[in-house]
Amino acid sequence: MRPVQRDSRHELEDSTILKNDNKKTGGRSYTGRLNQRKALLAKRWDNITARARQRDWNDISIRKLASQSGLEWYSARGDELLANFLGCDGCALMASYSLGIRKIGRLCEIVERALDKEPGEDPSDYTAAVARLEPHETLLAWGISPAYPCRLTRLPVRLANFCDRRGLACISELLNEWETLGFDGFKAQPNLGSKSVRQMERFVESLRLQNFETASSFLPIATSGYGLSLGSALKLIAAEPSPLERSLLERRLVQGMTLETSAEESGLTRERVRQVEAKFLREVSEVLGYFDGDRERLLGAWIDSGKWIQQLQLLELDDNETLIGAALEAVFRDTPQAVARTLGEESRLENWQEELLWHPELWFGGVSFSDFLAAHVPADEQQGFCEHVLESSVLRLDQLSGRVHPARTGLRHTVEALLAGEEDPIPLTWLIEMLGRNGYHSELTPRDLLRRRIGWVKDYGFPADKILWDE
């Protein structure tokens with residue numbers, strides 16, 4: 001049975017016990033001689049000794065019991081036998097040993113941990129039940145590099161800031177600091193509250209006891225139990241945002257909402273929405289920087305797009321796949337490879353549009369768009385090119401007929417388009433005939449073109465030499 005640490009619930013129970021005891025004795029049993037805090041601790045010790053009477057602990061020292069319980073802070077009186085302490089009631093312990101409230105509280109915790117084991121177990125055999133290692137040894141046994149950055153370890157914010165202030169870059173340095181300062185030393189540091197220090201203690205204990213489940217809430221340990229994995233790291237990041245922040249991130253990254261719309265639906269300011277999104281993407285980017293091999297593999301799959309979903313599934317992100325996938329795409333869009341891909345896509349789209357503009361049928365009834373796509377555009381890029389044509393200012397797609405036409409059919413633009421497909425100058429009468437066949441300017445006469453020629457040449461650089469005006 002795993003030892004149970006005391007929390008606020010235990011303290012509430014002790015407080016209730018103390019109040020009930022004071023009622024029975026008129027408040028003179030403990031508080032008559034001690035202040036309330038000491039009285040509570042004295043009562044707690046008496047409850048412990050009552051439970052410990054059935055254990056044969058006459059030959060075990062405090063130092064040994066503390067070491068076996070994972071609380072190796074005891075050194076001042078560590079060589080004394082536990083029986084010397086168990087023989088005292090709470091008030092006598094306070095008066096005789098003068099250990100102070102803090103150390104007596106730790107003594108209570110040591111004995112309680114031993115009592116929380118399975119009945120009948122000898123505390124001296126505790127190491128046989130749970131193999132204990134130093135935290136550094138556990139890291140090596142689990143295939144975790146001691147150089148894993150503190151900034152990527154899921155520590156409380158105050159503890160992360162403490163690492164920054166002290167220049168603790170990697171996890172081994174943080175563990176060394178804990179060995180040097182201990183619980184009380186960490187707690188004495190500025191801006192480090194008890195809650196953050198208890199989390200640090202919990203982390204260290206999980207390594208000493210080789211508690212994989214607890215350690216996995218701090219380190220991205222692979223599901224196999226050996227080494228670290230990008231998938232586990234990304235799941236830890238996805239678990240941090242509050243429900244409100246998570247819904248905000250899904251609106252921004254998955255649904256592609258604007259800052260303003262996301263802020264309105266979340267009830268937050270646009271700046272706060274931007275901050276939450278930026279922090280989330282920054283953490284994802286930092287983790288990708290550590291797992292650089294996985295990063296290159298994912299980036300390559302995203303650029304190629306064909307294997308992207310498959311690679312996401314290999315990360316085993318569970319319910320976080322959609323959100324993390326969108327975050328990875330947002331990070332990848334700023335990479336040089338993504339910029340090159342975008343430029344390449346734009347170049348291909350422009351080339352296909354150029355082919356449409358030069359198509360011989362464009363000015364004579366339009367080009368069948370489905371036939372053009374089948375002949376020129378790969379299947380996986382046809383949707384993108386269709387959107388490009390719909391947004392084009394020079395082409396127009398007739399949804400009813402499915403044919404592409406010129407977006408602008410002004411006389412000058414039409415004439416220039418027809419001339420662009422001719423190598424030699426053409427007679428004016430041929431040009432009039434061609435304009436009539438395309439259906440855009442069927443009533444045009446040679447006199448109309450002659451009248452407009454001077455203005456076109458002067459204002460637009462019209463290629464007048466491509467027409468035989470005096471034939």
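Residues take their numbers from the sequence shown, with the count starting at 1.
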Undergrad: Salt-bridge test for Arg403 and Glu361: reply yes if a basic N is under 4.0 Å from a carboxylate O, no otherwise.
TA: yes
Undergrad: Is the number of heavy atoms from other residues, nucleotides or ligands within 6.0 Å of CG (Asp319) greater than 12?
TA: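 Check fails, neighbour count at 12 or below.
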Undergrad: Salt bridge between Asp292 and Arg295, side-chain N to carboxylate O under 4.0 Å?
TA: no
Undergrad: For Gln189 and Arg165, test the side chains for any donor-to-acceptor distance below 3.5 angstrom and give the result as yes or no.
TA: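 Gln189 vs Arg165: no donor-acceptor pair found between side chains.
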Undergrad: Are the side chain of Arg246 and the backbone of Ala238 linked by a donor-acceptor contact shorter than 3.5 Å?
TA: yes
Undergrad: Look at the aromatic rings of Phe218 and Phe203 and report parallel, tilted or perpendicular, splitting at 30° and 60°.
TA: tilted
Undergrad: Which residue in the set Glu260, Glu245, Glu277 passes salt bridge (charged side-chain N to carboxylate O under 4.0 Å, His left out) when paired with Arg252?
TA: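 Per the salt bridge (charged side-chain N to carboxylate O under 4.0 Å, His left out) rule, the option paired with Arg252 is Glu277, out of Glu260, Glu245, Glu277.
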Undergrad: Keeping Thr180 on the side-chain end and Asn176 on the backbone end, is there a donor-acceptor pair under 3.5 Å?
TA: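 Yes, the answer is positive, given that a donor and an acceptor are paired below the 3.5 Å cut-off.
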Undergrad: Taking side chain as C-beta onward, heavy atoms only, is Ile48 less than 4.5 Å from Phe85?
TA: no
Undergrad: For residues His136 and Ser172, determine if any side-chain heavy atom of one lies less than 4.5 Å from a side-chain heavy atom of the other.
TA: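 Yes, at least one pair of side-chain atoms sits under 4.5 Å.
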Undergrad: Can you tell if the side chain of Leu139 reaches within under 4.5 Å of the side chain of Tyr148, non-hydrogen atoms only?
TA: no
Undergrad: Decide, yes or no, whether a salt bridge links Arg198 with Glu201 under the criterion of side-chain N to carboxylate O below 4.0 Å.
TA: no
Undergrad: Could you tell me if Asn211 and Arg202 have a donor-acceptor pair between their side chains, going purely by distance under 3.5 Å?
TA: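 No donor-acceptor contact under 3.5 Å links the two side chains.
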Undergrad: Counting distance only, does the side-chain N/O of Asp318 pair as donor-acceptor with the main-chain N or O of Asn320 below 3.5 Å?
TA: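 No, Asp318 side chain to Asn320 backbone: no donor-acceptor pair under 3.5 Å.
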Undergrad: Parallel, tilted or perpendicular: which describes the rings of Phe183 and Trp178, with under 30° parallel and over 60° perpendicular?
TA: perpendicular
Undergrad: Could you check if a side-chain atom of Leu317 sits within less than 4.5 angstrom of a side-chain atom of Leu323, using non-hydrogen atoms only?
TA: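 Side chain of Leu317 against side chain of Leu323, heavy atoms only: no contact under 4.5 Å found.
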Undergrad: Can you confirm whether Leu249 sits close enough to Lys279 that some side-chain heavy atom of one is under 4.5 Å from a side-chain heavy atom of the other?
TA: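 In short, these two side chains do not touch, never coming nearer than 4.5 Å.
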Undergrad: Which value, rounded to the nearest 0.5 Å, describes the distance between Leu168 atom CG and Leu159 atom CG?
TA: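 Spacing of CG (Leu168) from CG (Leu159) equals 9.0 Å.
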Undergrad: Taking the side chain as C-beta and beyond, is there a heavy-atom pair between Cys163 and Leu174 under 4.5 Å?
TA: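 Yes, at least one pair of side-chain atoms sits under 4.5 Å.
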Undergrad: With rounding to the nearest 0.5 Å, note down the distance linking OG in Ser229 to NZ in Lys235.
TA: 7.5 Å
Undergrad: To the nearest 0.5 Å, how far apart are CZ in Phe385 and CG in Leu356?
TA: 4.5 Å
Undergrad: Determine whether Leu362 and Pro406 make a side-chain contact, defined as any pair of heavy atoms from C-beta on separated by less than 4.5 Å.
TA: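 They are in side-chain contact.
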Undergrad: Can you tell me how far the NZ atom of Lys187 sits from the OG atom of Ser194, to the nearest 0.5 Å?
TA: 3.5 Å
Undergrad: Just jot down the side-chain hydrogen bond (donor to acceptor under 3.5 Å, both in side chains) partners of Glu387, sequence neighbours excluded, or say none.
TA: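 side-chain hydrogen bond (donor to acceptor under 3.5 Å, both in side chains) check on Glu387 returns Gln383.
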Undergrad: Which distance, rounded to the nearest 0.5 Å, do you find between the CZ of Arg270 and the OG of Ser262?
TA: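 Reported to 0.5 Å precision, the distance equals 11.5 Å.
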Undergrad: Below 4.5 Å, heavy atoms only, C-beta onward: do Phe291 and Leu152 meet side chain to side chain?
TA: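 With C-beta onward as the side chain, the pair stays apart.
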Undergrad: When rounded to the nearest 0.5 angstrom, what distance separates OG1 in Thr223 from CD in Glu316?
TA: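 Going from OG1 on Thr223 over to CD on Glu316, the span is 4.5 Å.
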Undergrad: Between Phe186 and Phe162, what is the ring plane arrangement, given parallel below 30°, perpendicular above 60°, and tilted in between?
TA: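 Phe186 vs Phe162 ring planes: tilted.
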